[in-house]
Every structure is written in structure tokens, then in C-alpha cells.
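After the C-alpha cells below, expect a handful of questions from me.
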2 protein chains.
Amino acid sequence: MSVKYAILGLLHYKDMHGYRVKEVIENEFGFMWSINYGQIYPNLKQLEQEGLVTKIDVAQRNAPDKKLYSITEKGEEAFTGWLNTAPERGMLIRDPFLLKFVFFSFSDKERALEIIEEQIRVYTADLSSRQHRYDHKQNENIHVRLMRELGISLNEMMLAWLERAKTEIAAEISSRRPRKAGIQ
Amino acid sequence: MSVKYAILGLLHYKDMHGYRVKEVIENEFGFMWSINYGQIYPNLKQLEQEGLVTKIDVAQRNAPDKKLYSITEKGEEAFTGWLNTAPERGMLIRDPFLLKFVFFSFSDKERALEIIEEQIRVYTADLSSRQHRYDHKQNENIHVRLMRELGISLNEMMLAWLERAKTEIAAEISSRRPRKAGIQ
DNA sequence: CCTCTCATGTAAGACGTTACATGATTCA
DNA sequence: TGAATCATGTAACGTCTTACATGAGAGG
């Protein structure tokens, strides 16, 4: 949907080839975006056909040739237009863990707790890598810095919530008061 | 990907028809899931073919007929198997606003602030409707209650972050120290 | 020698969204 | 009369993921 504009935005910042685009998106937008070559290369081709970017082949000595893309004036206009428009739809979180979580009342409680603990480990690792990245890169650009802070806040909030969930669910197990499950 | 299991999970809780499935998903998983009939009806058909659910037609007097689906034993097994398996991939947030946000260093600062303010209004409205739902529904099921709390926490965190972002960006504008933009 | 990184691509399939079609009843 | 709610569905179109294919150079 907006992969196109994400690429355009990166090319607006500097010329890049497809491989680098993926790298930057993974490093910078990794917590909110996933991308793969099956999206990048066809999109770059399409952007070129639409006249929003141009391509030059660059030969390299000790690495494969690459195709450097630059944004055109028409591309700049498209990008600016998109940027100044209010975003279409709101945030969507897709997390297979959260979906399972809602149904944990129907599952073996001990197994549910195990999965929660696994998840805590995952988020803890995520948080420390984000923290590390935040501390060890210069956060010169205010927007990029704020985004990194958001990633950290999100992670911290999830962890706090998971710990609370774990405690409450564990308490329910030990007090053995099976209640009727009820969604809505 | 797991729409199938979401439906199975709801049918595990009680018999439902497609229309109701959508309603429940929107109300309960609304902040992490979006769904439409184009997904539900074909999925129900497929689940039936796989023998995971069965269907009965129910005639109604003052409303159109409906097709009530029930989970089968095979369906229960499939659901339990899925539930006890560690979730595949991690959380993915898709938010067109956040994507724009990263690029706001390239945009007209005043316009960027306007968009941020719009976003604050959106999240404020979201929060109060979630708060309202939390206060006015019985939260008998611990997992459903915890999920609602997560939604509220998420909302509060986003608002706090947006307010901070707004203040910092406004401060930058008034101090007029244009810095070089830099992603990584 | 084997694996990693660099680099570009395609094809098939899964998944999701939008828009349309139908039609009765209820409520203002 | 018109809109909203209840209810089911499909077709077309987009988007995303997975898996494959290719190949050179660097480093252990």
C-alpha cells in the first residue's frame, strides 16, 4: 500500500539500490514494517515506469553490479503530496500471540503460562537490542530518534503488561476458581 | 493466516453465523484485527469442507435466514493444537501515520504538526471509546479483560508519545536550527 | 571447502480489500 | 420515504510471502 512511498522517501533522502532499501527499512522501520525483495524489486520497476525514479547501472569490482535509483522531480512531487495528506487508516497490530492470548481461557493454563513466558523472553531480547541501537547510533534526526523512542516505549509497555498478565493468570491457577469463560 | 483459527476459536466458545463473527471480531479484537465478509464467508465454507465445522440453516421471522456454524470434534482438535503451539512470528504494526512520521523532516514543519495534532484527536477518541467499553461491560473473562487493558495502555502510550513529539518538534521550529536530515 | 554477504530477480500462491448484488424489516 | 440493521455472498483486484534461481568474492 505505501511501500511505494516508503521507497520514494528513502530515495528522497539518498540514492539507493534495492538491496540497500531492504536493509534500511529493516533497520529503521523494523518494528512496524516487514519487507522482502518480492515487493521491492517490482515496486522499483513500477516507479521507474511511472517516471518517479530513474536508474543507473553501477559496476563494482569486488561485488555484483548494482542498480542505483534516484528520485525524479515528478517523484519528489508525488512524495510531498503523500506526506502532506492526512494518513488514511489507523494503526493495525497483527500479532499471532495476542490472538492466542484471547483464547487462553480455553487452553491448558500451564501451557498458556509457558507461552507467555516465552513471549516475555522474546520481548526482553527485542527491548535490549532496541535500547542498544538507541544508545549506539547518533540520533541526529529528531523524527528518527522519536521513532526509536516509540519502539522502546512500546516494548516496555508490552513487557509490563505481560508480567502483569502472568501474575494474574498464575494467581487464578493457584486459587482454582474456574469461572465460566465469556467473550462479550 | 490465522483468520481460520480466530473463527474456530469463536465457534469453540459458541455457535455463530458469519455476520456475528464479524461483529465479535470487530468489538473484541478491533485494535489488532480488521476483517471483512470477503474473508469470513469463504473461510467458513472452507472450514466446513475440511470437516472442522458444521452448518445448519436457521429460519427467522423478522430477519433474514442465517447459517449457524458449530465446531466439530476435529475442529476442536485443530484449534487446541494451534493454541498450544508457540506463535510463529512477532508483532507487526502497520500504521500509515508512523511511516509518514519518519519522513516529516522532509516536510513542511507546520503541516507536520497539523497532522500530529489530527492524530492526537484520533487517539483521544479511540481511548475514550475503549475506556467506555471497559467500564461498561462485565470483564468476567480474565484474558478478555487483560486484552482490553492492553488496548487502553497502548492508546495511552501512543498519546503520551505524540504529545512529547509535538512539544519537541514545536520547540525545534521556534528555535529555527535547521539540521541536516539523516536516516542512519 | 563452506558459509556469509552482496546483489537482482521471478513465479506461485496465500491473503486481504473493495465494491457490488440482493432483500426483508424496523424506525424515524 | 429513506436510512439503518440484519444477513449472505462473489468477483476483481491488490498486496505480501515463500521459495526458487543465479553468481561472485571474502573470510574462516
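Sequence lines set the chain letters: A, B, ... in the order given, protein chains first and strands last, and positions in each chain run from 1.
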| message | Measuring to OP1 and OP2 of D:dT17, would you say a side-chain N or O of A:Asn36 lies under 4.0 angstrom away? | response |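 Yes, because at least one side-chain N or O of A:Asn36 sits under 4.0 Å from OP1 or OP2 of D:dT17.
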| Could you state the CD-P distance from B:Glu26 to D:dC6, rounded to the nearest angstrom? |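 In whole Å, D:dC6 P and B:Glu26 CD are 12 Å from each other.
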| A:Tyr5 vs A:Trp82 aromatic rings, parallel, tilted or perpendicular, using cut-offs 30° and 60°? |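 Geometry flag for A:Trp82 against A:Tyr5: parallel rings.
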| Side-chain H-bond candidate by donor/acceptor type, A:Gln39 with A:Asn36, under 3.5 Å |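 Side-chain D/A pair, A:Gln39 to A:Asn36: present.
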| field | With A:His17 via ring pair (Phe, Tyr, Trp, His ring centres under 6.0 Å) - residues at least two apart | value |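 A:His17 satisfies ring pair (Phe, Tyr, Trp, His ring centres under 6.0 Å) with no residue once adjacent residues are dropped.
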| field | Set of residues satisfying ring pair (Phe, Tyr, Trp, His ring centres under 6.0 Å) with respect to A:Tyr19, sequence neighbours excluded | value |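 A:Tyr19 satisfies ring pair (Phe, Tyr, Trp, His ring centres under 6.0 Å) with no residue once adjacent residues are dropped.
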| field | Any residue meeting salt bridge (Lys or Arg N to Asp or Glu O under 4.0 Å) with B:Glu77, in chain and number order, not counting sequence neighbours | value |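 B:Glu77 satisfies salt bridge (Lys or Arg N to Asp or Glu O under 4.0 Å) with no other residue.
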| message | Among residues at least two apart in sequence or on other chains, which ones pass salt bridge (Lys or Arg N to Asp or Glu O under 4.0 Å) with A:Arg145? | response |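 Counting only residues at least two positions away or on another chain, A:Arg145 forms a salt bridge (Lys or Arg N to Asp or Glu O under 4.0 Å) with A:Glu149, B:Glu168.
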Identify all pairs in which a protein N or O lies below 3.5 Å from an N or O of nucleotides 22-26 of chain C, and state each distance.
unit_1, atom_1, unit_2, atom_2, d
C:dT26, OP1, B:Asn62, ND2, 3.2

| field | Spacing between A:Ile7 atom CD1 and D:dC16 atom C1', to the nearest angstrom | value |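 Value for this atom pair: 13 Å.
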| B:Arg94 side chain N/O closer than 4.0 Å to the phosphate oxygens (OP1, OP2) of D:dT15? |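 Indeed not, no polar side-chain atom of B:Arg94 lies that close.
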| query | Which whole-number value in Å describes the distance from B:Glu23 CD to D:dA4 P? | reply |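 In whole Å, D:dA4 P lies 17 Å from B:Glu23 CD.
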| task | Apply ring pair (Phe, Tyr, Trp, His ring centres under 6.0 Å) to B:Tyr37 and list each qualifying residue two or more places apart in sequence or on a separate chain. | result |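 With sequence neighbours excluded, B:Tyr37 shows a ring pair (Phe, Tyr, Trp, His ring centres under 6.0 Å) to B:Tyr41, given in chain and number order.
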| Can you list the residues that meet the side-chain hydrogen bond (donor to acceptor under 3.5 Å, both in side chains) rule with B:Glu26, with sequence neighbours excluded? |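 Scan of B:Glu26 (side-chain hydrogen bond (donor to acceptor under 3.5 Å, both in side chains), adjacent residues dropped) gives B:Lys22.
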| query | Other than A:Ile56, which residues form its hydrophobic cluster under the rule that side-chain heavy atoms must be closer than 4.5 Å? | reply |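 A:Val58, A:Leu68, listed by chain and number.
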| What is the distance, rounded to the nearest whole Å, between atom CG of A:Leu44 and atom C1' of D:dT15? |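 These atoms are roughly 16 Å apart.
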| task | Starting from the first five and the last five pairs of the helix from C:dC1-D:dG28 to C:dA28-D:dT1, work out the angle between the resulting helix axes, to 10 degrees. | result |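 For the helix from C:dC1-D:dG28 to C:dA28-D:dT1, the axes at opposite ends meet at about 40°.
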| query | So, is B:Gln60 near the phosphate of D:dC6, with a side-chain N or O under 4.0 Å from OP1 or OP2? | reply |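 Negative; the distance criterion is not met.
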| Are OP1 or OP2 of C:dC15 and a side-chain N or O of B:Gln39 less than 4.0 angstrom apart? |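 False: B:Gln39 side-chain N/O out of range (4.0 Å or more) of C:dC15 OP1/OP2.
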| task | Mind calculating the distance between CD1 (B:Ile40) and C1' (D:dC6) to the nearest angstrom? | result |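 To the nearest whole Å, that distance equals 14 Å.
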Could you go through nucleotides 8-13 of chain C and list every protein N or O atom that sits under 3.5 Å from one of its N or O atoms, giving the distance for each pair?
unit_1, atom_1, unit_2, atom_2, d
C:dT8, OP1, A:Lys67, N, 3.0
C:dT8, OP2, A:Tyr19, N, 2.9
C:dT8, OP2, A:Tyr41, OH, 2.9
C:dT8, O5', A:Tyr41, OH, 3.4
C:dG9, OP1, A:Lys67, NZ, 2.3
C:dT10, OP1, A:Lys45, NZ, 2.8

| request: Could you tell me whether B:Lys74 and B:Glu50 make a salt bridge, using a distance below 4.0 angstrom between a side-chain N and a carboxylate O? | output: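 Not counted as a salt bridge, because no side-chain N and carboxylate O are separated by less than 4.0 Å.
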| query | So, is B:Ser34 near the phosphate of C:dT17, with a side-chain N or O under 4.0 Å from OP1 or OP2? | reply |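 True: B:Ser34 side-chain N/O within range (under 4.0 Å) of C:dT17 OP1/OP2.
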| field | B:Leu99 CG to D:dT15 P, straight-line distance once rounded to whole Å | value |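 Atom CG in B:Leu99 sits about 14 Å away from atom P in D:dT15.
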| request: With sequence neighbours excluded, give me every ring pair (Phe, Tyr, Trp, His ring centres under 6.0 Å) pair touching residues 144-164 of chain A. | output: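 Sorted pair list: A:Phe101-A:Trp161.
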| Please give, in whole Å, the distance from D:dA7 C1' to B:Lys22 NZ? |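 These atoms are roughly 12 Å apart.
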| Residue list, side-chain contact (heavy atoms from CB on, under 4.5 Å) with B:Ser128, at least two apart or on another chain |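 side-chain contact (heavy atoms from CB on, under 4.5 Å) check on B:Ser128 returns nothing, list empty.
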